[in-house]
4 protein chains.
Amino acid sequence: MSTERRPGALRSERSRLAILTAAARQFAERGYDHLTIEGIAAEAGVGKQTIYRWWGSKTALIAECLVEGMLIPVPFRPEATGDPRKDLESWVQGILDFLPGNESLLRSLVITAAEDPEVATRLSERLGVFPIGLDSEGPFPLEVVEAITGAIVIRSLRGGDFDEGYASRLVDAVLGTS
Amino acid sequence: MSTERRPGALRSERSRLAILTAAARQFAERGYDHLTIEGIAAEAGVGKQTIYRWWGSKTALIAECLVEGMLIPVPFRPEATGDPRKDLESWVQGILDFLPGNESLLRSLVITAAEDPEVATRLSERLGVFPIGLDSEGPFPLEVVEAITGAIVIRSLRGGDFDEGYASRLVDAVLGTS
Amino acid sequence: MSTERRPGALRSERSRLAILTAAARQFAERGYDHLTIEGIAAEAGVGKQTIYRWWGSKTALIAECLVEGMLIPVPFRPEATGDPRKDLESWVQGILDFLPGNESLLRSLVITAAEDPEVATRLSERLGVFPIGLDSEGPFPLEVVEAITGAIVIRSLRGGDFDEGYASRLVDAVLGTS
Amino acid sequence: MSTERRPGALRSERSRLAILTAAARQFAERGYDHLTIEGIAAEAGVGKQTIYRWWGSKTALIAECLVEGMLIPVPFRPEATGDPRKDLESWVQGILDFLPGNESLLRSLVITAAEDPEVATRLSERLGVFPIGLDSEGPFPLEVVEAITGAIVIRSLRGGDFDEGYASRLVDAVLGTS
DNA sequence: AACTAAGCGAGACGGTACGTCAAGTCTTAGG
DNA sequence: CCTAAGACTTGACGTACCGTCTCGCTTAGTT
């Protein structure tokens, strides 16, 4: 059974990329809910219909940006050095190092995630939750990893600060002070 | 120095309450970003201007609903029975019991919180973070309490399920299996 | 040099006419300053933006109604029978015959004309000023024709009445009783 | 039968004048339909209610300004020198001399007059129509005087210019070239 | 080569909601 | 009872975007 291929122009990769790039840029600049499809279309030099043809919603578009790595450039994933506590702490530290200057990006990501479970999952992936915490595969229980990312998100949304010792205190909290 | 009181009609408590009530109802029903000021005004039998006069934004309005206890009816706050682990677990269980049927409310609350740190703080309060976790007052370090609420929020946004043993597993995770 | 024609849907003649028709109807019914763009849009079954896209103001819209002959159905223009005084008088009489029942239409037209010289010009044309009075073409000096229309307008605004012999008296006044 | 006089404060002449002055100033500055009652109240240092208590409408307020001579400072009224044509011409010339710089005032006056026959009458008075043209009293037929004022108004609204010889040409037109 | 059919940039369309302005009414507190 | 102040409901403003729908053109397969 062959994939049916009717005549007509192919999807333009050029447009696809221009749209994703524009979306990512505006997402970072203005946040999720000041995004406009019209603005993206204009910036990408593209008709609105081309966006609506391929993505069903704003969140779908942002989700694709996310999996393409256009919103969070670095993948957060600890090395396995043999010392689990150390691995966890350096993973946390990596996220904390990324945060300053990106708080509003985080806010927007949380908003988008709250709009759509799919995005929430992608975002968790991007932060390293599953590779680390998925029960069967990762070295830590999922609850632990969720607690850590959750704690960071919660405090960040509240505008709280992360002082020098925060990473180790947090890891202590979820692993218990041995 | 006296509080200046110029003549003119006083603020109508009647309108204020009608607005908050309508806002809370629509927030619960439709979620944060399908709220419309016009809709609230109409339902409250009030002019739009009366809303804009007293609240600067949708988030400010929702924040006030939150502190007035119109969105989350029950205050989540454990008793101190002497057994900290038990207290923590019953607090978690209280939140989990509230969740089913209120996922979309939670989503909307998270969105609003992500829009405005003030709301995030109020929401945390409402979930019991400060009374329990504020270092100076509460029995648990703030990190622990944030980790717990964060874990619940994160999983809920992803649409994950909370099975029977979740509460105790989560408490185990953050207190360490002693 | 060709008129640039970028792609995109063409202007909808259907909408254009519906708007003009609704505007004319409401103008006649309610007068210039109780017109609302929203009302016209609603009656025409059209979005407000479609009006704002093509007309910059209420007066521009009314001006177009005027030139399309949707406000003053009959064109006032005397035949040239060879007897100038008779021609003038029958022209005046035509206007006077139109007036009863249309005073408020006239008021509205005057208001609109006072808002915008363009409309004033179109209104004058419609009453027959230029075809008759344009120095180079018409048989009468512009001053004469303006004096006649002006006299009628002035008295009508004041609510004065036009008795049987008014037309001939007015023509007498401006041509002199020879 | 005595005029009933119940207790209570008397109408404040101070406020009345402040309101009329503010109204006149704003009328001249912004024109009839960009007047706001709120603006007048603010400028006059007066509550809105004080305006609504004593005047039923914007036009009523402007009408009173008109009869108080706060809009058209000079009264237009010819001397009787014995040469009627000369008198008429100097009257016209007086109006024409006043016009430059006051076109928008005229527009606004016409709009107000078109809103309310009462105002139209007051305006005519102010321009000198009745003292000159009232059949029984004045030296000229009312039609003549209306034709002259009408001609000026009509041309002015259209934005037409009044050249050097206009006054005499107009008088010629309505008196006949002798 | 001619003939579909889809993709595309552009942009007009019917709508919804925005946040603002002003209208006219009502409510205080002070003379 | 009058007044200044100002909060209230109402309704229209002009703007921004939505998601859908033509247009005229280009691109790619099918015949």
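These numbers were taken from a predicted model, which means no experiment stands behind them. Protein chains get the first letters and strands the later ones, always in sequence-line order, with residue 1 at the start of each.
Residues in residues 51-67 of chain D take part in these salt bridge (charged side-chain N to carboxylate O under 4.0 Å, His left out) pairs, two or more places apart or across chains: D:Arg16-D:Glu64.
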Practice task
Apply side-chain contact (heavy atoms from CB on, under 4.5 Å) to the pair A:Thr112 and A:Leu66, showing each step before the final yes or no.
Solution key: CA-CA 11 Å; A:Thr112 321; A:Leu66 202 50; over 6 Å; no
Exercise for the section: Could you please spell out the steps behind the side-chain contact (heavy atoms from CB on, under 4.5 Å) verdict for B:Asp116 and B:Ile62? Expected result: CA-CA 10 Å; B:Asp116 181 355; B:Ile62 295 307; over 6 Å; no
Exercise for the section: Evaluate side-chain contact (heavy atoms from CB on, under 4.5 Å) for B:Trp54 paired with B:Ile19, printing each intermediate quantity in order. Expected result: CA-CA 11 Å; B:Trp54 301 107; B:Ile19 290 166; 5.9 Å; no
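Between the CD atom of B:Glu43 and the C1' atom of E:dA17 there is a distance of 17 Å, given to the nearest Å. In this structure, D:Lys48 atom NZ and E:dC26 atom P are separated by 13 Å, rounded to whole Å. Rounding to whole angstrom units, CG of residue B:Asp33 and P of F:dC18 are separated by 13 Å.
Within 4.0 Å (heavy atoms only), D:Ile40 reaches no atom of the nucleic acid at all. Among the atoms of the strands shown, none is found under 4.0 Å from any heavy atom of A:Gly39.
Near DNA chain F, defined here as any heavy-atom distance below 4.0 Å, the residues from residues 49-62 of chain D are D:Thr50, D:Arg53, D:Trp54, listed numerically.
Here E:dG14 is the nucleotide among E:dG14, F:dC18, E:dA23 with the atom lying nearest to any side-chain atom of C:Val46. Comparing atom distances between the A:Arg11 side chain and each of E:dC8, E:dC13, E:dA23 picks out E:dC8 as nearest.
Neither OP1 nor OP2 of E:dG14 sits under 4.0 Å from any side-chain N or O of C:Ser12. Here A:Thr36 does not reach the OP1 or OP2 of F:dA16: none of its side-chain N or O atoms lies under 4.0 Å away.
For the pair B:Glu13 and C:Ile37, nearest-nucleotide mapping onto DNA chain F gives the more 5' position to B:Glu13.
A salt bridge is absent between D:Arg107 and C:Glu115: the closest approach of a Lys/Arg side-chain nitrogen to an acidic carboxylate oxygen does not fall below 4.0 angstrom.
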Which atoms of nucleotides 27-31 of chain F (N or O only) lie under 3.5 Å from a protein N or O atom, and what are those distances?
residue : atom : partner : partner atom : Å
F:dT27  : O2   : A:Ala9  : N            : 3.4
F:dT30  : OP1  : A:Arg5  : O            : 2.9

